[in-house]
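To start, the structure under review is shown below, and the notes come after it.
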Amino acid sequence: MPDTTARILTLRAAGTSLVVELAEPVPRVLHWGADLGELTEDGLAALALTGEPAVLNNSIDIPRRFTVWPTEADGWSGTPAHQGHLAGTAAAPRLSLTGTSYRPQAEGGELSLDLTDPGAALDVTVTYRLEPSGVLGVQTRIGRRPDAAPEPYDLAQVTTMLPLPRRAAEILDFTGKWSRERSPQRRPLGFGTYAREVRRGKPGLDSPYLVTVGVPGFGFGHGEVWGVHLAWSGDQRYLVEQLPEGAGTHAAVLGGGELLRPGEIRLAPGESYTTPVCHFTWSDQGLDGLADRFHTLVRARPAHPRTPRPLILNSWEAVYFDHDLDRLLRLADKAAEVGVERFVLDDGWFRGRRSDHAGLGDWTVDPVVWPEGLTPLVDHVRSLGMEFGLWVEPEMVNLDSDLAREHPDWVLGPARGVGPSSRHQHVLDLANPQVWDYLLGALDALVDKYGIAYLKWDHNRELHEAVHGGADRPVAHAQVLALYRLIDALKERHPGLEIESCASGGGRIDLGILARTDRVWASDCNDPVERQMIQRWTAQLLPPELIGAHVGSGTSHTTARVSSDAFRLTTALFGHAGIEQDITRCAPEELARLTAWAALYRELRPLLHGGRTVRADLAGDATLLHGVVAHDGAAALYCWARVATSPEGQSGRVQLPGLAPEATYRVRVRTELGLPSFHQTSGPAWLTTALDDWLTLPGAVLTVAGLPMPNLNPDQALLLEVRRND
Ligand code: GLA
């Protein structure tokens, strides 16, 4: 029974709130969005009264409510909160409230609602946790009572939903492909169900990522927006649904959940299913406001990296599979010379791995290519003062490997045989304890032996026909849980170990994997034009210190576009920076620039990795202005980039977002990386001064009136530093 006598319960934090009424039989959501302030009992009663909609023509004869667990029992004709059956029966869930636990805190708090469905002997607990960041995490546990009839309950789907008002009428979500992740797409919200379903066994390169609905025209710095992100690294489903009759007094719903395969979750008496956390966020400060809440949430993780993010050199685009000790020693020498702090040996080091056709699964060092093991390289790297990192792809297997030959039954797939390979590889059945033990043992041995500081954990193919055990039981859900357990166990054995989540680039970026990893590889594309966009949108969820950003070679390996050093270096500065090119071939002036960049990165990373990410709303995508502003407002760094030409000659005055109009600032251009090439003769006047020295300007000019920006040639960027005068 309720642990509170109040009927209407509120969670409030950081300007947002959730209000739930303990209505019978199922509580309903009265409000989610802007904080309504400290409402008196009368105020709350008024909210409940005005939460009662009209009874429409040709409709159920009571006001339709949007409950915390919408089902047809409330007259809800939209997507139900859960679906399932008991051997073809008990298909009409009818829940009622049995208990409440309410623990508000000064900022946020938790509300849990216990519901029961006697027909299927199901107990449901929905938990709302409002974090101090204002992000609302919702998680549900559905359990079968221990004394239930023995047939398993087939749980088909669980969807967590919160209501949206009518003014939320434009959707922004993401798609993408290899080397072009997080491509934004916008559309008006119509009637019906807009659903994004992911059946790749990971969020995918086209991950919906963060589904946002807002007042049409919302931008980075303005507009009211509601977003949802699912902290899950497997199959998933997002939806925005609007029915003509609305959702109670609300207009539509926003939600998501794990996409379950038929028969995947079958609850025997005493068993339960727990959903991934669905993170809901509201802001009246546009997409930057949403991003800020997520960054605050992520930075509050107990395991969030708190040490300076070491500058990386990754060997992939430098040597690919051509692992030659002398060559790698020279690469390490140059890396140390320019100021690299972590050297990462990418794919190609393990048994039989001379190309991507063979070797995955055989996680011991190749004795032919590395006759003395990795020790000579590791020792050298460490003697140069750098940490050592290693690439692995534990969940995968090439059929051309000793592992697959010895244990063909460890490969995930139907009893009739595995389907087509992808990048010549298949997936291991992680839910098989023998596979799991083998992987933990192999990884543990490597980390132990070589004192590995960092694993780049890859996942290059999608899961198809993820079934096992002769009877073809679906196991995509179990696979993700086994992966989480594997990473957790490895980290428990090696507490300082950092792990990067990579999946052909940014194919596995979600707050589930990030609960146990330390950064993501945003994309295999190091082309700075593409990267400007990929990083800008990856930052919608993650702060820059978690987003791997490397300087590739002048000619991009993925797009063949040629770009200047300065543009590539400036672009890679706004993340967890690294180098991904064969710097043994760099001319001395290129090395000098890399060295200056490394020093700049070390200087600026406390700001870049701790501040608030801001992005300006400009007309069109040809120019971008983004930056990071320190939380105390004392410093900021902006990047003014041009990725294409555009018809206008003058930018006009451009507002630098995030500064205080009443403060006074000094502004200067950082020139260590070289100057961009300009598409103009000179000026604007302020720039000429700021190129030489600090220029003092009022905040009102910088952030309200705006600065006229120089016209750059395409693929160029200007780095602007701002300091507040105290
Ligand atoms: C994936 C990754 C790359 C690289 C290769 C190695 O494609 O995204 O960065 O590690 O695998 O095979």
Side-chain angles (χ1 to χ4, degrees), residues 176-182 200-207 233 312-323 328 331 342-363 365-366 369 374 388-398 400-401 421-427 443 446 452 454-463 498-510 513 517-527 530-531 534-535 538 546-553 556-559 572 575-582:
K177 60 175 182 178
W178 179 72
S179 255
R180 196 203 156 108
E181 295 86 341
R182 269 152 278 292
R200 304 184 189 280
K202 56 181 170 182
L205 297 161
D206 64 339
S207 160
S233 312
I312 282 188
L313 182 134
N314 181 288
S315 70
W316 182 238
E317 289 196 355
V319 303
Y320 290 103
F321 290 107
D322 183 14
H323 282 204
L328 286 160
L331 190 63
R342 177 181 283 167
F343 184 94
V344 181
L345 184 66
D346 209 287
D347 195 357
W349 57 269
F350 47 96
R351 234 164 52 239
R353 187 67 167 176
R354 307 301 350 116
S355 74
D356 60 10
H357 286 248
L360 287 174
D362 295 342
W363 298 113
V365 179
D366 189 282
V369 183
L374 298 178
F388 182 74
L390 193 66
W391 180 94
V392 289
E393 197 178 5
E395 297 139 272
M396 297 292 158
V397 63
N398 287 118
D400 186 357
S401 66
S421 61
S422 175
R423 207 192 186 209
H424 319 290
Q425 66 197 55
H426 287 84
V427 183
L443 294 167
L446 282 166
I452 292 170
Y454 172 87
L455 288 175
K456 175 177 178 183
W457 189 301
D458 214 333
H459 184 284
N460 275 304
R461 73 156 290 169
E462 297 175 354
L463 269 60
E498 290 190 12
I499 296 180
E500 172 181 60
S501 174
C502 171
S504 308
R508 188 156 65 185
I509 304 185
D510 63 83
I513 199 86
T517 54
D518 306 280
R519 74 165 216 170
V520 301
W521 184 223
S523 178
D524 274 355
C525 187
N526 296 316
D527 171 337
E530 303 295 322
R531 269 286 178 157
I534 293 167
Q535 290 171 200
T538 304
L546 296 188
I547 303 175
H550 294 179
V551 188
S553 57
S556 162
H557 288 206
T558 54
T559 64
H576 177 183
I579 299 172
E580 187 134 350
Q581 57 175 307
D582 185 358

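When a ligand or atom number is given, it counts from 1 through the structure's own listing order. Bear in mind the structure is a predicted one, so any value in this text is a computation, not a measurement.
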* Asked: For the residue pair W363 and W349, does the interplanar ring angle fall in the parallel (under 30°), tilted (30 to 60°) or perpendicular (over 60°) class?
  -> tilted
* To do: Identify, with sequence neighbours excluded, every residue that meets salt bridge (Lys or Arg N to Asp or Glu O under 4.0 Å) alongside R508.
  => E395
* **Geometric cation-pi criterion, R531 with W521: 6.0 Å, 45°** => yes
* Structure fact -> Paired with D206, the salt bridge (charged side-chain N to carboxylate O under 4.0 Å, His left out) test is passed by just one of K177, R182, R200, namely R200
* **S504-N460 side chain donor-acceptor pair, cut-off 3.5 Å** => yes
* Can you pull the residues with any heavy atom under 4.0 Å from ligand 1? -> W316, D346, D347, W391, R423, K456, D458, N460, C502, S504, G505, W521, D524
* How about W316 and F321: are their ring centres within less than 6.0 Å of each other? -> yes
